[in-house]
Amino acid sequence: MLKLTNVKKSFGQNMVLKGIDLHVKKGEIVTIIGPSGSGKSTLLRTINFLEQAEEGTLELADMSVNMHRASSKEKIGIRKMASMVFQNYNLFRNKTALENVMEGLTVNNDYSKEEASKIAKHRLEQVGLSAFEESMPSQMSGGQQQRVGIARAMALRPEVILLDEPTSALDPELVGEVLSVIKTLANEEVTMLIVTHEMAFAREISDRVIFMDDGKIVDEGTPEHMFENSDNLRLRSFLKRIA
C-alpha cells in the first residue's frame, strides 16, 4: 500500500537517508525506533514532501512518484493520502479546535463548510474533545492540542497516517491520553507509520517494528523478535541503553 524504494536524502554533505526500502501493508501499524539523528523523522517528512529526497520512488495507493522530480500536483495528491501528525502540534494559533480540523477539508478537499464542520465534530468526538470545539490552542493542554492534531489527520480519511514522535513534546502525565487515542485508531485498522521513543508503546501497538541507525534500516520484525530475540548487536545495545 505504501512502498518506498531507495530513498536518499542529504543536508549539505550529511547524508541522512542512505537508500531506504520500506513496504507498509494496508491496515498495518509500523513503528520506527532508533537513536537521535538516525533519520527517523526525516523519513516521514520525505514521504509527506516536507523534505525533498534526492533519489527514490514512492508508491501509495494508485500513485507512483519519483521523489526527486515530483510535480506540485503529485505532492498535493500524496499529502491528501498521507496525513501528518507533528511533534509540536502545528495548530493554527488563531483558529479554534473545530476550525483547525476543518481547515484541510475546506482548503484542499473542496468540502463545504457545513460538510467540513460535521466531519470535524465527529473526529473531535472520537478523540474525546467535543467539549473543546470552540477552544483556542492556547486554552488547551499539550495533550489536548496533540489530540486535535490527530483529529485533523483523521478528518482527511487518508490512506496512511504519519506520526512523528507524537508524545515527545508532552509533559509525562499527558503522554497516556495521546497514546490511548492512537491505540483506538489501531483498533479501527487505520494504517499508521509511527516514529516513537516510547518502547513499551511500540511493543504493544505494532504489527512490525523497524530499527534505524545512521540513515539505514538495520533490523525489522515483529515486536517479539525486535525486543526479545534479535541478534543484532546495535539494536540490543540501543535497547539496553534506553531501558
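Bear in mind the structure is a predicted one, so any value in this text is a computation, not a measurement.
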Expected output: side-chain Asp207 to main-chain Ile29 donor-acceptor under 3.5 Å: yes
Glu74 with Arg69: basic N within carboxylate O range, under 4.0 Å: no
Heavy-atom side-chain contact between Gln126 and His122 under 4.5 Å: yes
Spatial distance of atom CG (Asn100) from atom CE (Met102) [nearest 0.5 Å]: 11.0 Å
Ion pair check, Lys26 and Glu159, cut-off under 4.0 Å: yes
Closest heavy-atom pair and its distance - Met84, Asp164: CE-CB, 4.0 Å
hydrophobic_cluster_shared for Leu124 and Met140, side chain cutoff 4.5 Å: yes
Atom of Thr106, atom of Ser112 and distance for their closest heavy-atom approach: CG2-O, 4.4 Å
Thr46 side chain vs Leu43 backbone, donor-acceptor pair below 3.5 Å: yes
Minimum-distance pair of heavy atoms, taken over all atoms of Val7 and Leu4: CG2-CB, 3.8 Å
Residues Val148, Tyr89; criterion side chain to side chain contact (heavy atoms under 4.5 Å, CB included); working and verdict: CA-CA 8 Å; Val148 173; Tyr89 329 134; over 6 Å; no
Side chain to side chain contact (heavy atoms under 4.5 Å, CB included) assessment of Ser41 paired with Gln87: CA-CA 10 Å; Ser41 293; Gln87 295 182 34; 3.6 Å; yes
Test: Glu28 and Arg208 ion pair at under 4.0 Å: yes
4.5 Å side-chain heavy-atom contact, Leu239 and Arg236: no
N/O donor-acceptor pair under 3.5 Å between Ser206 side chain and Arg203 backbone: no
Donor-acceptor pair, side chain of Asn88 and main chain of Asn90, under 3.5 angstrom: no
NZ/Lys95: more than 12 non-hydrogen atoms of other groups inside 6.0 Å: yes
Closest contact, heavy atoms only, Asp213 versus Ser38: CA-CB, 3.7 Å
Heavy-atom check, side chain of Val160 versus side chain of Ile47, under 4.5 Å: no
Joint cluster assignment, Val178 & Leu91, ILVMFWY side-chain distance < 4.5 Å: yes
Any side-chain heavy-atom pair of Gln146 and Glu177 under 4.5 Å: no
Passing option when Glu198 is tested against Thr167, Ile182, Ile205 for side chain to side chain contact (heavy atoms under 4.5 Å, CB included): Thr167
Reported OG-to-NE2 distance for the pair Ser168 and His197, which is rounded to 0.5 angstrom: 6.0 Å
Other residues, nucleotides, ligands: >12 heavy atoms within 6.0 Å of Glu189 CD: no
Nearest heavy-atom neighbours spanning Gly143 and Leu170: N-CD2, 3.5 Å
In one Ile/Leu/Val/Met/Phe/Trp/Tyr side-chain cluster, 4.5 Å: Met199, Leu163: no
Where Phe211 and Pro35 come nearest, the two heavy atoms and their spacing: CE1-CD, 3.8 Å
Pairwise distance CG(Leu2) to CE(Met63) - rounded to 0.5 angstrom: 12.5 Å
Reported CZ-to-CD distance for the pair Phe132 and Gln139, which is rounded to 0.5 angstrom: 9.5 Å
Asn48 side chain vs Ala82 backbone, donor-acceptor pair below 3.5 Å: yes
Whether Arg147 side chain and Val127 backbone form a donor-acceptor pair below 3.5 Å: yes
Flag side-chain contact, heavy atom, 4.5 Å: Asn6 against Thr57: no
4.5 Å side-chain heavy-atom contact, Leu156 and Lys80: no
Euclidean distance, Glu54 CD relative to His68 NE2, rounded to 0.5 Å: 7.5 Å
Ser237/Arg234 under side chain to side chain contact (heavy atoms under 4.5 Å, CB included): CA gap, chis, key distance, verdict: CA-CA 5 Å; Ser237 173; Arg234 183 66 186 93; 4.2 Å; yes
Atom NZ of Lys75 with >12 non-hydrogen neighbours under 6.0 angstrom: yes
Leu60 and Met1, any side-chain heavy atoms less than 4.5 Å apart: yes
Check: Met67 main-chain N/O paired with Gln52 side-chain donor or acceptor under 3.5 Å: yes
Common cluster, Leu105/Leu98, ILVMFWY with side-chain heavy-atom separation under 4.5 Å: no
Single-linkage hydrophobic cluster, 4.5 Å side-chain cutoff, Val30 and Phe227 together: no
Derivation and outcome, side chain to side chain contact (heavy atoms under 4.5 Å, CB included), residues Phe92 and Glu99: CA-CA 9 Å; Phe92 295 104; Glu99 290 168 337; over 6 Å; no
Interatomic distance, Ser10 atom OG to Lys18 atom NZ [nearest 0.5 angstrom]: 9.0 Å
Donor-acceptor under 3.5 Å (Lys8 side chain, Met15 main chain): no
